[in-house]
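No hydrogens, no waters, no symmetry mates; every other heavy atom, side chains included, goes into these values. What you are looking at is a predicted structure, and each value in this text was computed from that prediction instead of being measured. In listed order, ligands and their atoms are each counted from 1.
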Amino acid sequence: MDGKRVLLIVGGGIAAYKVLDLVRRLRERGVSVRTVLTQAGAQFVTPLSLASLSGNPVHTDLFSLTDEAQMGHIELSRSADLVVVAPATADLLAKAANGLANDLASTLLLATDKRVLMVPAMNVRMWQHPATQRNVAQLQRDGILFVGPDDGAMACGEFGPGRMSEVLDIVVAIDAAFRMQARAQQQQAPGILAGKRVIITSGPTYEPIDPVRYIANRSSGKQGHAIAEAAARAGADVLLVCGPVAIPDPVGVTCVHVESAREMLGAVEAGLPADIYIGAAAVADWRVGTAVVEKLKKGASGPPSLGLVENPDILATISTHQKRPVLVVGFAAETQTVVEHAQAKLKKKKCDLIIANDVSAQSGVMGGDENTVHLVSKSGVDHWPRMAKTAVAQRLVEHLAKLLKEGA
Ligand code: PMT
């Protein structure tokens with residue numbers, strides 16, 4: 001909440017006294033508070049107490065020459081991050097629901113382009129009256145937020161819904177409104193990879209030995225899938241070519257499921273052109289030379305010879321492809337001298353960047369949720385600390401977006 005700005009409209013009701021504590025609580029949390037006091041509100045709290053607690057002048061009059069000269073009412077309605085009405089009386093709800101603008105509070109509610117949080121407080125019969133309920137329903141349709149009212153004993157001696165929410169509950173609702181705004185802003189902002197196409201491989205490959213057996217490895221797909229999801233969140237058009245994994249397809253990504261290295265290469269090539277290629281899959285280097293159609297049998301001649309042959313290298317193929325993406329990124333899964341081996345792979349496979357990671361059994365990287373990576377490029381080595389694979393993915397996407405922007 002620190003650094004946020006609230007415009008607090010104080011309506012006329014006995015619950016107005018709680019608003020003084022609300023101002024104090026908000027300021028404790030670093031929120032700057034401007035207040036508007038309605039004529040009715042001024043019957044319950046004084047401008048002096050509001051000004052003293054908020055540290056800002058109190059606005060009361062739509063036609064005040066001094067106020068308008070200092071800060072016009074339109075600017076006042078828009079200079080906040082959130083407008084809070086507490087207590088929101090039946091009268092204020094009715095005015096807001098019907099778009100009336102005959103005093104400062106109602107004019108601000110009509111002029112604002114910010115979210116509004118209503119904190120109703122009134123007599124139980126007034127709250128339950130069909131007219132008030134109609135107004136509340138209309139305001140909710142208009143996107144106005146509400147907290148309360150609570151049930152309980154009221155100052156007028158009646159019981160039921162109508163009590164203004166407790167101050168700390170209002171603080172929680174204000175915090176939730178800020179979070180909602182932040183999420184909406186994030187979704188609206190064009191992503192750092194908007195308009196870019198990214199192809200990512202993930203998971204292991206299965207190389208058949210016979211119809212029931214295959215050569216595979218321990219890759220879970222967690223790292224590659226996390227990168228695909230982060231790239232999609234950044235606005236990219238993402239093609240994920242994934243080997244057999246037990247985790248779900250990431251959200252917002254086109255997935256092509258393959259088994260062997262040759263199928264993976266085919267799907268990647270079919271997906272070109274792209275701006276970025278990221279080879280996070282643990283592709284088998286070898287496959288069985290001759291495909292065996294029938295299940296191999298145990299025989300007197302001992303274990304069969306598999307006759308391994310080399311698989312195509314997808315990363316090296318894409319690096320030298322006619323439709324080479326601007327950025328070609330590989331991984332290096334090593335168990336010793338991690339960075340040195342990655343530097344050799346960078347040269348051999350002619351890619352722009354290699355993400356080196358230690359996949360020895362004790363690192364827990366293959367199949368685990370965390371990774372320690374080293375970014376190896378022509379310009380040097382950048383060592384990242386151990387972090388969640390999702391955090392590696394997010395940071396990598398930001399790094400690649402920056403490289404693309406700089407012209408890679
Ligand atoms: O899937 P997780 O459990 O989350 O684990 C993640 C990971 C450890 C698998 C991942 O971070 C990783 O390191 N992926 C690359 C694994 C690998 O095959 O590394 P490599 O050093 O053998 O290959 C180097 C690069 O060449 C890789 O980008 C690989 O995709 C690519 N390659 C390898 C062989 C081949 N035939 N074709 C390729 O494209």
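- Among all non-hydrogen protein atoms, the one lying nearest atom 21 (O) of ligand 1 is K345 NZ, 2.4 Å.
- Ion pair D151/R163 not flagged as a salt bridge, since none of the NZ, NE, NH1 or NH2 atoms sits closer than 4.0 Å to an Asp/Glu carboxylate oxygen.
- For atom 18 (O) of ligand 1, the choice among A282, G221, C242 with the nearest heavy atom turns out to be A282.
- The proximity of S219 to ligand 1, defined as any non-hydrogen pair under 4.0 Å, involves the side chain as well as the backbone.
- Close approach to L315 involves these atoms of ligand 1, each under 4.0 Å from a residue heavy atom: 25 (C), 26 (O), 28 (O), 31 (C), 38 (C), 39 (O).
- Nearest protein neighbour of atom 2 (P) of ligand 1, counting heavy atoms only, is S220 OG, 3.3 Å.
- Under the 4.0 Å criterion applied to side-chain N and carboxylate O atoms, D210 and K297 are not assigned as salt-bridge partners.
- Listed by number with element, the atoms of ligand 1 under 4.0 angstrom from any heavy atom of K389 are 2 (P), 3 (O), 4 (O), 5 (O).
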For this session: Could you please spell out the steps behind the side-chain contact (heavy atoms from CB on, under 4.5 Å) verdict for T205 and E259?
Result: CA-CA 5 Å; T205 60; E259 288 219 336; over 6 Å; no
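- When non-hydrogen atoms are compared, ligand 1 lies under 4.0 Å from the backbone of A281 (N, CA, C, O) but not from its side chain.
- Of all atoms in ligand 1, numbered sequentially from 1 with element shown, those under 4.0 Å from a heavy atom of D313 are 35 (C), 36 (N), 37 (N), 38 (C), 39 (O).
- The pair K345-E334 counts as a salt bridge, with a side-chain nitrogen and a carboxylate oxygen less than 4.0 angstrom apart.
- Close approach to Q223 involves these atoms of ligand 1, each under 4.0 Å from a residue heavy atom: 4 (O), 6 (C), 11 (O).
- Looking at ligand 1, you won't find any N or O of G368 less than 3.5 Å from one of its N or O atoms.
- For ligand 1, the atoms lying closer than 4.0 Å to a non-hydrogen atom of K222 are 1 (O), 2 (P), 4 (O).
- Atoms CG and CG, on L82 and L145 in that order, are 7.5 Å from each other to the nearest 0.5 Å.
- Ligand 1 has no atom lying under 4.0 Å from any heavy atom of G224.
- In terms of protein heavy atoms, atom 24 (C) of ligand 1 is closest to F331 O, 2.8 Å.
- Defined by atom type and a distance below 3.5 Å, a donor-acceptor pair is present between the side-chain atoms of N357 and N371.
- Each of the atoms 21 (O) of ligand 1 lies under 4.0 Å from some heavy atom of A332.
- Among all protein heavy atoms, the one lying closest to atom 34 (C) of ligand 1 is D285 OD1, 3.3 Å.
- Residue contacts with ligand 1 include K349, since one or more of its heavy atoms lies under 4.0 Å from the ligand.
- We find that E406 and K402 are joined by a salt bridge, their nearest charged nitrogen and carboxylate oxygen being less than 4.0 Å apart.
- Of all heavy-atom pairs spanning W286 and E207, the tightest one is O-CG, 3.6 Å.
- Listed by atom number, the atoms of ligand 1 under 4.0 Å from V359 heavy atoms are 8 (C).
- Inspection of the D249 and H257 side chains reveals an N or O donor paired with an N or O acceptor under 3.5 Å.
- Neither side chain, D91 nor T89, offers a donor N or O lying under 3.5 Å from an acceptor on the other.
- Both the backbone and the side chain of I314 come within 4.0 Å of ligand 1, judged by heavy-atom distances.
- Contact atoms of ligand 1 toward G279: 27 (C), 28 (O), 30 (O) (distance under 4.0 Å to a heavy atom of the residue).
- At a 4.0 Å cut-off, not a single heavy atom of T201 sits close enough to ligand 1 to count as contact.
- Of the charged side-chain nitrogens involved, at least one lies within less than 4.0 Å of a carboxylate oxygen, so that R197 and D237 count as a salt-bridged pair.
- Here atom 13 (O) of ligand 1 lies nearest to N357 when heavy atoms of V329, N357, I247 are compared.
- For the pair K349 and D313, the salt-bridge criterion is met [side-chain N within less than 4.0 Å of a carboxylate O].
- With respect to the salt-bridge test (charged N to carboxylate O, under 4.0 angstrom), the residues D21 and R24 qualify.
- The closest non-hydrogen atom to atom 14 (N) of ligand 1, taken over A280, G330, A284, comes from A280.
- A heavy-atom separation below 4.0 Å is found between P312 and ligand 1.
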